[in-house]
A.B. asks: 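Structure incoming, see below.
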Amino acid sequence: MIKVKKLSDVVVSSEILKQEPLKKYSFTKTGGQADILVKVNNEIDLQNIIKYSSENKVDLTILGNGSNVLISDNGIRGIVVITSDMKKIELSSDNILSCYAGTTLKELTDFCIENSLTNLEFSCGIPGSVGGAIFMNAGAYGGEMKEVVQKVEVFDMKGNKKVYSVDEMDFGYRHSIIQETGEIISKVYFKMKKSNKEEIITRVNELNKMREAKQPLEYPSCGSVFKRPEGYFAGKLIQDAGLQGLSVGGAQVSKKHAGFMVNVNNATCEDYKNLIKKVQEEVLKHSGVSLECEVKILGE
């Protein structure tokens with residue numbers, strides 16, 4: 001067990017919690033407890049926690065904003081960091097927008113609207129934080145993060161700061177170099193353009209209406225569960241295999257969009273994992289296509 005007092009020596013102002021239920025922070029409302037949860041609200045604390053975990057050989061997990069992940073029912077050992085309180089958005093005179101990793105994409109979109117900035121409308125309804133969006137090169141409605149990013153600041157696992165240009169990020173479909181390096185995203189810079197505020201608002205409203213019409217936003221979920229197989233759509237493959245509405249425990253393949261799995265009745269992580277496995281097996285039998293998980297499972 002980690003001693004909170006010792007960890008608190010290196011944390012300036014962020015909140016430290018012991019044996020905290022992680023289902024409170026997960027978009028699926030599932031998951032066990034964290035040994036130690038730190039709600040990081042500044043970059044210095046984040047850097048110090050990384051150094052502390054490295055020097056003391058303590059496991060460190062970055063949960064971010066809790067979207068696009070499943071958390072083990074057994075919880076996560078060591079230190080878990082949530083970055084949702086680490087948010088500050090700034091705009092330079094040459095329209096370079098910078099923000100910390102904990103900023104939500106909704107907060108980013110709202111800032112863009114307020115300042116008549118275009119390029120990020122596609123991200124308006126994507127759940128979660130900027131850090132998570134960069135980690136997986138999130139995209140929607142024809143746009144991806146790689147098209148807008150200028151550079152990304154990260155910490156390595158010893159707490160050293162490093163800066164990646166957009167080319168060095170090795171962005172691909174739901175991929176960035178951070179998935180290989182294990183580094184921790186701290187701050188992101190975006191290339192923005194000035195545009196007509198009313199046109200930006202109209203586009204954002206259009207995309208939000210499309211999302212509301214197609215996605216099961218009324219239930220807890222981790223978003224799109226599977227990556228898009230080349231030449232196919234995961235949701236269509238699942239639907240064609242007759243799996244829409246299939247349930248395991250409290251987890252269900254959404255009746256509204258088969259690419260989503262929703263928590264309809266106090267689902268556990270095990271329910272989700274078993275449902276994912278069942279869907280993968282049945283789709284492979286039906287169409288011969290292997291579905292690859294987009295969702296990351298933490299605490300295994």
Side-chain angles (χ1 to χ4, degrees), residues 14 39-47 49-50 60-69 81-141 143-157 159-195 200 204 223 294 296:
S14 301
K39 296 182 178 180
V40 170
N41 60 21
N42 66 86
E43 193 175 48
I44 293 174
D45 279 356
L46 177 61
Q47 186 176 30
I49 292 166
I50 296 168
L60 176 64
T61 301
I62 306 298
L63 183 56
N65 206 40
S67 66
N68 209 237
V69 297
V81 168
I82 285 182
T83 57
S84 54
D85 291 336
M86 187 175 158
K87 53 184 75 178
K88 184 180 181 182
I89 307 174
E90 296 178 311
L91 182 65
S92 69
S93 58
D94 56 351
N95 293 322
I96 299 297
L97 185 158
S98 65
C99 66
Y100 286 110
T103 308
T104 66
L105 291 170
K106 184 183 186 308
E107 289 166 339
L108 194 61
T109 303
D110 290 345
F111 182 92
C112 290
I113 291 172
E114 183 64 28
N115 292 275
S116 303
L117 298 169
T118 188
N119 277 356
L120 276 166
E121 289 90 332
F122 72 89
S123 71
C124 63
I126 298 175
S129 65
V130 167
I134 298 303
F135 178 85
M136 64 176 294
N137 185 30
Y141 301 110
E144 288 182 305
M145 286 291 150
K146 69 177 184 179
E147 299 162 1
V148 194
V149 169
Q150 182 200 50
K151 62 182 180 180
V152 179
E153 294 181 1
V154 305
F155 291 116
D156 67 20
M157 293 312 293
N160 302 307
K161 181 173 277 193
K162 181 176 180 179
V163 181
Y164 285 101
S165 69
V166 63
D167 292 334
E168 292 169 330
M169 283 295 292
D170 190 30
F171 283 124
Y173 174 66
R174 301 299 176 263
H175 176 269
S176 75
I177 196 171
I178 309 303
Q179 294 175 19
E180 274 80 58
T181 66
E183 293 162 328
I184 296 164
I185 297 166
S186 173
K187 195 172 185 179
V188 183
Y189 296 76
F190 297 95
K191 300 169 290 185
M192 306 301 294
K193 294 179 183 177
K194 285 287 186 179
S195 186
I200 296 171
V204 167
E294 181 176 306
K296 187 175 181 182

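Just so you know, residue 1 is the first one in the sequence shown, and it goes up from there. Just the heavy atoms: all of them, side chains too, but no hydrogens, waters or symmetry mates, feed the values below.
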A.B. asks: Taking side chain as C-beta onward, heavy atoms only, is Met169 less than 4.5 Å from Asn137?
C.D. replies: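 No - every pair of side-chain heavy atoms lies 4.5 Å or more apart.
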A.B. asks: For Glu294 and Asn68, work out which heavy atoms get closest and say how close.
C.D. replies: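 Distance-wise, the nearest heavy atoms are O-OD1, 3.5 Å.
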A.B. asks: Kindly give the heavy-atom pair with the smallest separation between Gly128 and Ser67, and that separation in Å.
C.D. replies: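 Heavy-atom minimum between the residues: CA-OG, 3.2 Å.
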A.B. asks: So how far is it from Ser195 OG to Ile113 CD1, rounded to the nearest 0.5 Å?
C.D. replies: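 That separation rounds to 11.5 Å.
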A.B. asks: So, do Phe135 and Glu183 sit near enough that their side-chain heavy atoms are less than 4.5 Å apart?
C.D. replies: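 Contact flag for Phe135/Glu183 side chains = no.
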A.B. asks: Under the criterion side-chain hydrogen bond (donor to acceptor under 3.5 Å, both in side chains), which of Asp45, Asp85, Thr83 is the partner of Ser14?
C.D. replies: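 In the set Asp45, Asp85, Thr83, the residue that makes a side-chain hydrogen bond (donor to acceptor under 3.5 Å, both in side chains) with Ser14 is Asp45.
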A.B. asks: Taking the side chain as every heavy atom from C-beta outward, state whether Lys194 and Asn95 have any pair of such atoms under 4.5 Å apart.
C.D. replies: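 The answer is yes, as the side chains (C-beta and beyond) meet within the 4.5 Å cut-off.
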A.B. asks: Taking atom CZ of Phe111 and atom CD of Glu90, what is their separation to the nearest 0.5 Å?
C.D. replies: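 Output value for this atom pair is 8.5 Å.
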A.B. asks: With Lys106 as reference, evaluate Thr103, Asp110, Thr109 under the side-chain hydrogen bond (donor to acceptor under 3.5 Å, both in side chains) test and give the passing residue.
C.D. replies: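 Among Thr103, Asp110, Thr109, the one meeting side-chain hydrogen bond (donor to acceptor under 3.5 Å, both in side chains) with Lys106 is Asp110.
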A.B. asks: Distance from Phe171 atom CZ to Ile178 atom CD1, nearest 0.5 Å?
C.D. replies: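 So the gap between those two atoms works out to 8.0 Å.
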A.B. asks: Are the side chains of Leu108 and Leu97 in contact, using a 4.5 Å heavy-atom criterion?
C.D. replies: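 Yes. Closest side-chain heavy atoms under 4.5 Å.
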A.B. asks: Do Cys112 and Ile200 come within less than 4.5 Å of each other through their side chains, counting heavy atoms only?
C.D. replies: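 In short, these two side chains do not touch, never coming nearer than 4.5 Å.
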A.B. asks: How about Phe190 and Asn119: do any of their side-chain heavy atoms sit closer than 4.5 Å?
C.D. replies: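 They are not in side-chain contact.
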A.B. asks: With rounding to the nearest 0.5 angstrom, report the CG to NZ distance, Leu117 to Lys191.
C.D. replies: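 Spacing of CG (Leu117) from NZ (Lys191) equals 14.5 Å.
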A.B. asks: Do Tyr189 and Glu153 get their side chains close enough for a donor-acceptor pair, meaning under 3.5 Å?
C.D. replies: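 Indeed, the side chains of Tyr189 and Glu153 share at least one donor-acceptor pair under 3.5 Å.
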A.B. asks: Before accepting this row, confirm whether a basic side-chain N of the pair Glu107/Lys87 lies closer than 4.0 Å to the acidic partner's carboxylate O.
C.D. replies: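 Yes, Glu107 and Lys87 are salt-bridged.
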A.B. asks: When rounded to the nearest 0.5 angstrom, what is the spacing between CZ in Phe155 and CD1 in Ile49?
C.D. replies: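 Here the rounded value is 11.0 Å.
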A.B. asks: Search all heavy atoms of Val163 against all heavy atoms of Lys151 and return the closest pair with its distance.
C.D. replies: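 Taking Val163 first and Lys151 second, the nearest heavy atoms are CG1-CD, 4.0 Å.
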A.B. asks: Do Ser92 and Asp94 pair up side chain to side chain, a donor and an acceptor below 3.5 Å, judged on atom types alone?
C.D. replies: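 Indeed, the side chains of Ser92 and Asp94 share at least one donor-acceptor pair under 3.5 Å.
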A.B. asks: Quick one: do Thr61 and Val81 satisfy side-chain contact (heavy atoms from CB on, under 4.5 Å)? Show the steps, please.
C.D. replies: CA-CA 6 Å; Thr61 301; Val81 168; over 6 Å; no
A.B. asks: Looking at Ile82 and Gly64, what are the two nearest heavy atoms and their distance?
C.D. replies: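 Taking every non-hydrogen atom into account, CG2-O, 3.4 Å.
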A.B. asks: I want to check something: taking the side chain as every heavy atom from C-beta on, are Thr181 and Val154 in contact at a cut-off of under 4.5 Å?
C.D. replies: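 No, every pair of side-chain atoms sits at 4.5 Å or beyond.
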A.B. asks: I would like to know whether Gln179 and Met136 meet side-chain contact (heavy atoms from CB on, under 4.5 Å); could you show each step before the answer?
C.D. replies: CA-CA 8 Å; Gln179 294 175 19; Met136 64 176 294; 4.1 Å; yes
A.B. asks: Please give me the minimum heavy-atom distance between Ile126 and Ala140, naming the atom from each residue.
C.D. replies: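 Heavy-atom minimum between the residues: CD1-CB, 4.1 Å.
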A.B. asks: Taking all non-hydrogen atoms of both residues, which atom of Ile185 and which atom of Gly131 are closest, and how far apart?
C.D. replies: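 Result for this residue pair: CD1-O, 3.4 Å.
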A.B. asks: If we only count heavy atoms from C-beta on, is the Lys88 to Lys187 side-chain gap below 4.5 Å?
C.D. replies: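 No, too far: nothing below the 4.5 Å cut-off.
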A.B. asks: CD1 of Ile96: more than 12 outside heavy atoms within 6.0 angstrom?
C.D. replies: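 It does: Ile96 CD1 has more than 12 such atoms within range.
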A.B. asks: Can you tell me how far the OG atom of Ser186 sits from the NZ atom of Lys162, to the nearest 0.5 Å?
C.D. replies: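 Output value for this atom pair is 15.0 Å.
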A.B. asks: Go through the steps for His175 and Lys146 under the test side-chain contact (heavy atoms from CB on, under 4.5 Å), then give the verdict.
C.D. replies: CA-CA 10 Å; His175 176 269; Lys146 69 177 184 179; over 6 Å; no
